Amino acid sequence: MIGSRRIHIVLVAIAGAVLLAVAAGPVLAQSVEAAAGSVTVQVTPSSVPESGGQVELFALVRDDRGRPLENARVNFLTQTGSLGSGGRLVTTGPDGGVTDRLTVTAAELAAVEENRFWLTAAVGSGGRQLVTENVAVRIQHQPDAAFKYSPGGLLVAFRDVSAGQVTSRQWDFGDGATSTRQSPAHTFPEPGYYAVTLRAGNSVGSDEVTRLIWVGAGRDQSE
């Protein structure tokens with residue numbers, strides 16, 4: 001995972017700075033028993049549209065006995081987008097939790113090679129080690145509409161092969177009939193050419209494709 005490897009490189013570069021910041025803060029007075037043992041990150045929502053958006057970050061730090069750790073210094077890291085904290089250390093509250101906000105633009109998401117990118121929360125432990133958690137944020141793309149068909153006389157079977165996640169479909173068979181099924185079969189009234197349209201959509205947007213197909217005997221067209 002390219003994004004994950006880049007984050008680990010950044011972690012190595014900042015490890016010394018994070019640990020120095022932890023040592024300089026009031027949490028240095030914590031005993032070894034109160035050292036950070038784990039950090040868990042929650043991202044809401046877990047995905048962003050390709051047009052950009054914001055996600056809320058919540059990190060929960062626990063000590064090595066599983067108890068919420070107050071005054072732990074957390075550093076959120078990302079290779080995509082910008083953080084509300086500006087990448088500075090943020091401190092957990094009495095419940096061991098701390099929040100941040102990530103904002104990403106369409107241009108930043110377009111530069112991501114995969115359908116997701118990674119962010120990390122890092123916290124220094126009493127043993128002078130970094131405790132980290134990596135979380136993937138999925139990128140939502142609008143569908144790329146496409147379909148195939150298999151004629152059988154006037155009866156034609158259609159199949160949606162659109163790329164991307166599709167949550168809604170609207171078929172127009174060019175003879176006044178429509179359908180919202182994923183793979184409908186339709187009987188045309190008479191032989192001839194028909195312009196069949198499929199509109200595929202999801203929460204990000206929609207795309208449509210129109211194909212001119214022959215219906216009836218005498219031509220072997222199937223895909």
Side-chain angles (χ1 to χ4, degrees), residues 1-50 52-141:
M1 299 179 182
I2 297 176
S4 181
R5 289 199 298 270
R6 291 177 178 171
I7 287 176
H8 286 302
I9 293 174
V10 174
L11 285 175
V12 172
I14 70 163
V18 173
L19 294 173
L20 286 175
V22 173
V27 293
L28 186 62
Q30 296 177 356
S31 63
V32 173
E33 288 76 12
S38 67
V39 56
T40 304
V41 182
Q42 178 178 316
V43 179
T44 308
S46 60
S47 60
V48 292
E50 60 185 344
Q54 292 183 334
V55 294
E56 301 297 327
L57 312 177
F58 176 76
L60 176 62
V61 181
R62 296 183 181 274
D63 64 19
D64 49 13
R65 294 186 178 181
R67 301 168 300 188
L69 184 60
E70 184 178 3
N71 292 326
R73 304 292 184 87
V74 179
N75 191 198
F76 288 100
L77 303 164
T78 180
Q79 292 293 308
T80 303
S82 58
L83 293 161
S85 65
R88 296 181 293 272
L89 296 177
V90 287
T91 306
T92 60
D95 63 349
V98 66
T99 62
D100 205 344
R101 176 176 294 175
L102 175 69
T103 302
V104 289
T105 65
E108 290 168 333
L109 294 177
V112 177
E113 296 179 0
E114 302 178 6
N115 288 327
R116 60 183 176 175
F117 63 92
W118 294 83
L119 60 88
T120 296
V123 58
S125 72
R128 295 191 176 275
Q129 299 291 326
L130 277 179
V131 179
T132 64
E133 172 79 357
N134 296 333
V135 178
V137 180
R138 188 169 54 85
I139 304 173
Q140 306 170 19
H141 298 279

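Owing to the predicted nature of the structure, the values given are computational and were not obtained by experimental measurement.
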For the side chain of Ser47 and the backbone of Gln140, is there at least one donor-acceptor N/O pair under 3.5 Å apart? no
Distance col, row Phe58:CZ vs Thr44:OG1, nearest 0.5 angstrom, shows 10.0 Å
Taking atom OG1 of Thr103 and atom CD of Glu108, what is their separation to the nearest 0.5 Å? 9.0 Å
Is Asp100 reaching over with its side chain to a backbone N or O of Ser85, donor-acceptor style, under 3.5 angstrom? yes
Any idea which heavy atoms bring Thr132 and Ala122 closest together, and the distance? CG2-CB, 3.8 Å
Less than 3.5 Å apart, any donor N or O on the side chain of Asn71 or Thr91 sitting next to an acceptor on the other? no
Leu83 and Leu57, any side-chain heavy atoms less than 4.5 Å apart: yes
What pair of heavy atoms forms the shortest contact from Arg116 to Arg138, and how long is it? CB-CA, 4.1 Å
Least distance between heavy atoms, Ala59 atom then Phe76 atom: CB-CZ, 3.6 Å
Return the OG to CG distance between Ser82 and Leu102, rounded to the nearest 0.5 Å. 7.0 Å
Gap separating the CH2 atom of Trp118 from the OG1 atom of Thr80, nearest 0.5 angstrom: 12.5 Å
Which atoms form the tightest heavy-atom contact between Gln54 and Pro45, and what is the distance? O-CD, 3.9 Å
Among all residues two or more places apart in sequence or in another chain, which pass the side-chain hydrogen bond (donor to acceptor under 3.5 Å, both in side chains) test with Thr99? none
Take Leu69 and Val123 through the test side-chain contact (heavy atoms from CB on, under 4.5 Å) and record every step on the way to the result. CA-CA 11 Å; Leu69 184 60; Val123 58; 5.9 Å; no
As a test of understanding, state which of Val137, Ile139, Val104 forms a side chain to side chain contact (heavy atoms under 4.5 Å, CB included) with Val112. Ile139
Run through Leu89, Val90, Val61 and flag the one making a side chain to side chain contact (heavy atoms under 4.5 Å, CB included) with Arg73. Leu89
